[in-house]
Amino acid sequence: MASVTSTPAADPAAHAERPSAVTARDLTRATAARQRRSSRFKIWAGSVCTALVVLPVALASLLPLPDANAQDLSQRRLPPLTDGHLLGTDQLGRDLLSRILHGGQVSLSVGVLAVLVSGLIGIVAGSAAGFFGGWVDALVSRFLEAQLALPLLMMLLLVVALFGPSVTVITCVIAVAQWPEVARLTRSLVLVEREKPYVAAARMLGLRGWSVLTRHVVPNVVKPVSLVVLLLLAQAVLLESALSFLGAGPQRPFATWGRIISDGQAYITTSWWLVTLPGLVIALLVVGVNLLGDGLRDRTRRRKGAGA
């Protein structure tokens, strides 16, 4: 009987000893390339979605649009693309596109001002708590825990009911509601930065605590914190729209997005565009801001990892 000899192809040990053509470096490059493509797509898609909403809203006063408050009962609830009304008209015959764009100016103004104020409060409180520690850290942490324990929307409605639904009050209320997220991130970043050698060197050169914090530590944490502030813009717009929908937002004649949806909800079964189109604008802005913020955050992390 002929003996059967083992060939290298049939030998499992030969397969185990044969080196792979794909190295760890190739895998790392593939992962980095995939992450780079993902972040690039997020930034591109987020920028497009955000621009589609922000640019028309910013240029609403320059566009040839009808008066947002001009009523014509003979033109009530016209569907989109009818008689020169691109998005149709509402229950009082007002041009819906004009109302959405002019109402967006109020909603975006409240959102931008709110995130700027909340970012400033959060950076100041979080950096002081993380850098000095002690009773400062304890005081800020107790405020954070107390506010995070409260129901957000109920707290906003209570404050608005006490002080009135003006634009200034709504802006301050949303800013106060959002500062804990900025403060927590700033505190954690400052805790890492204060242990680095450049902080000890600055102290040895005679710089006081506040000087070290403002001149050296805060500039190193502003960039990642600003990305979180950008993401909070979408939340601020949603909070303002929710308050306006519930009747606690800026009062008439301000045509905010939430009020437009609230006014049209009674006609949702017969005139779908009164609620759907403003809702799509809000959704497009929220998705765009979140994609843009995520893409910028991924790019920042990748650069930091490459630098490390």
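Because only heavy atoms are used, hydrogens play no part in the values below, and waters and symmetry mates are left out as well, while side chains stay in. This one's a predicted model, so the numbers in the text were calculated from it and none came from an experiment.
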field: Side chain to side chain, Ser127 and Val217, heavy atoms closer than 4.5 Å
entry: no
- prompt: Taking the side chain from Arg194 and the backbone from Gly130, do they hold a donor-acceptor pair closer than 3.5 Å?
  reply: yes
- line: On a heavy-atom basis, the closest approach of Ala177 and Pro180 is O-CD, 3.6 Å
- request: Treating Ile, Leu, Val, Met, Phe, Trp and Tyr as nodes and any side-chain heavy-atom pair under 4.5 angstrom as an edge, say whether Leu274 and Leu284 lie in one connected cluster.
  value: yes
query: Between CD of Glu181 and CD of Gln147, what distance do you get to the nearest 0.5 Å?
result: 10.0 Å
- request: Check whether any side-chain N or O of Trp257 sits under 3.5 Å from a backbone N or O of Ile100 as a donor-acceptor pair, and report yes or no.
  value: yes
- prompt: Any side-chain heavy-atom pair from Val106 and Arg259 closer than 4.5 angstrom?
  reply: no
query: Hey, is CZ on Phe143 packed in by over 12 heavy atoms from elsewhere, all under 6.0 Å?
result: no
message: Under a 3.5 Å distance rule, please check whether Ser262 uses its side chain to pair with a backbone N or O of Gly258 as donor and acceptor.
response: no
- prompt: When hydrophobic residues are tied together by side-chain contacts of less than 4.5 Å, even through go-betweens, does Trp273 share a cluster with Leu73?
  reply: no
field: Spacing of Cys49 atom SG and Trp44 atom CH2 [to the nearest 0.5 Å]
entry: 8.0 Å
task: Show the numbers, then the answer: is there a side chain to side chain contact (heavy atoms under 4.5 Å, CB included) between Leu108 and Leu285?
output: CA-CA 10 Å; Leu108 285 179; Leu285 177 66; 3.5 Å; yes
- prompt: Is it true that a side-chain atom of Trp179 and a backbone atom of Ile123 form a donor plus acceptor pair closer than 3.5 Å?
  reply: no
Value rounded to 0.5 Å, distance of CZ in Arg94 from CG in Leu78: 13.5 Å
- prompt: Minimum heavy-atom separation for Val229 to Val115, with atom names?
  reply: CG1-O, 3.7 Å
- request: Compare every heavy atom of Ala68 with every heavy atom of His102, then report the nearest pair and how far apart it is.
  value: ND1-CB, 4.0 Å
statement: Ala129 and Val140 have their tightest heavy-atom pair at CB-CB, 3.9 Å
- prompt: For Arg142, does the CZ atom sit with more than 12 other heavy atoms under 6.0 Å from it, leaving out its own atoms?
  reply: yes
query: Could you give the distance from NE2 (His85) to CG (Leu87), rounded to the nearest 0.5 Å?
result: 11.0 Å
- prompt: Counting heavy atoms not belonging to Phe41, are there more than 12 under 6.0 Å from its CZ?
  reply: no
- prompt: Linking I/L/V/M/F/W/Y whenever any side-chain heavy atoms sit under 4.5 Å apart, do Leu120 and Leu144 land together?
  reply: no
- prompt: Ignoring hydrogens and geometry, is there a side-chain-to-backbone donor-acceptor pair from Thr89 to Gln75 under 3.5 Å?
  reply: yes
- line: Smallest heavy-atom separation, Val289 atom then Leu231 atom, equals O-CD2, 3.9 Å
query: Are Leu230 and Leu116 co-members of a hydrophobic cluster defined by side-chain heavy atoms under 4.5 Å apart?
result: yes
message: So does Gln91 get a backbone contact from the side chain of Arg77, meaning a donor-acceptor N/O pair under 3.5 Å?
response: no
- request: Go through His216 and Glu193 one step at a time and tell me if the side chain to side chain contact (heavy atoms under 4.5 Å, CB included) criterion holds.
  value: CA-CA 9 Å; His216 299 284; Glu193 291 293 325; over 6 Å; no
message: Val218 vs Phe131, test: side chain to side chain contact (heavy atoms under 4.5 Å, CB included). Steps then yes/no.
response: CA-CA 10 Å; Val218 172; Phe131 189 79; over 6 Å; no
message: Return the OG to NZ distance between Ser38 and Lys42, rounded to the nearest 0.5 Å.
response: 4.5 Å
message: Has Ser107 got a side-chain atom pairing as donor or acceptor with Val237's backbone, closer than 3.5 angstrom?
response: no
query: Rounded to the nearest 0.5 Å, how far does CD of Gln178 lie from CG of Leu232?
result: 4.5 Å
- prompt: Would you call Asn220 and Tyr198 a side-chain contact if the rule is heavy atoms closer than 4.5 Å?
  reply: yes
query: Among the clusters formed by ILVMFWY side chains lying less than 4.5 Å apart, do Val48 and Leu55 turn up in the same one?
result: no
message: Going by side chain to side chain contact (heavy atoms under 4.5 Å, CB included), Val286 matches just one of Leu233, Val281, Leu238. Which one?
response: Leu238
query: Is there a donor-acceptor contact under 3.5 Å from the side chain of Ser188 to the main chain of Leu185?
result: yes
message: Can a donor-acceptor pair be found, under 3.5 Å and without considering hydrogens, that links the side chain of Ser98 to the backbone of Pro66?
response: yes
message: Checking Ser109 against Gln105 for the side-chain hydrogen bond (donor to acceptor under 3.5 Å, both in side chains) test, could you report, in this order, the C-alpha distance in whole Å, the side-chain angles of both residues, the deciding distance, and whether it holds?
response: CA-CA 6 Å; Ser109 298; Gln105 292 181 341; over 6 Å; no
query: Can you name the one residue among Val176, Leu239, Ile170 that meets side chain to side chain contact (heavy atoms under 4.5 Å, CB included) with Leu156?
result: Leu239
message: Under a 3.5 Å distance rule, please check whether Ser271 uses its side chain to pair with a backbone N or O of Ile268 as donor and acceptor.
response: no
task: Report the C-alpha separation of Ile261 and Gln265 in whole Å, then their side-chain angles, then the decisive distance to 0.1 Å, and conclude whether the side chain to side chain contact (heavy atoms under 4.5 Å, CB included) test is met.
output: CA-CA 6 Å; Ile261 296 176; Gln265 66 176 336; 5.5 Å; no
statement: Heavy atoms of Ser244 and Thr256 approach each other most closely as OG-OG1, 3.0 Å
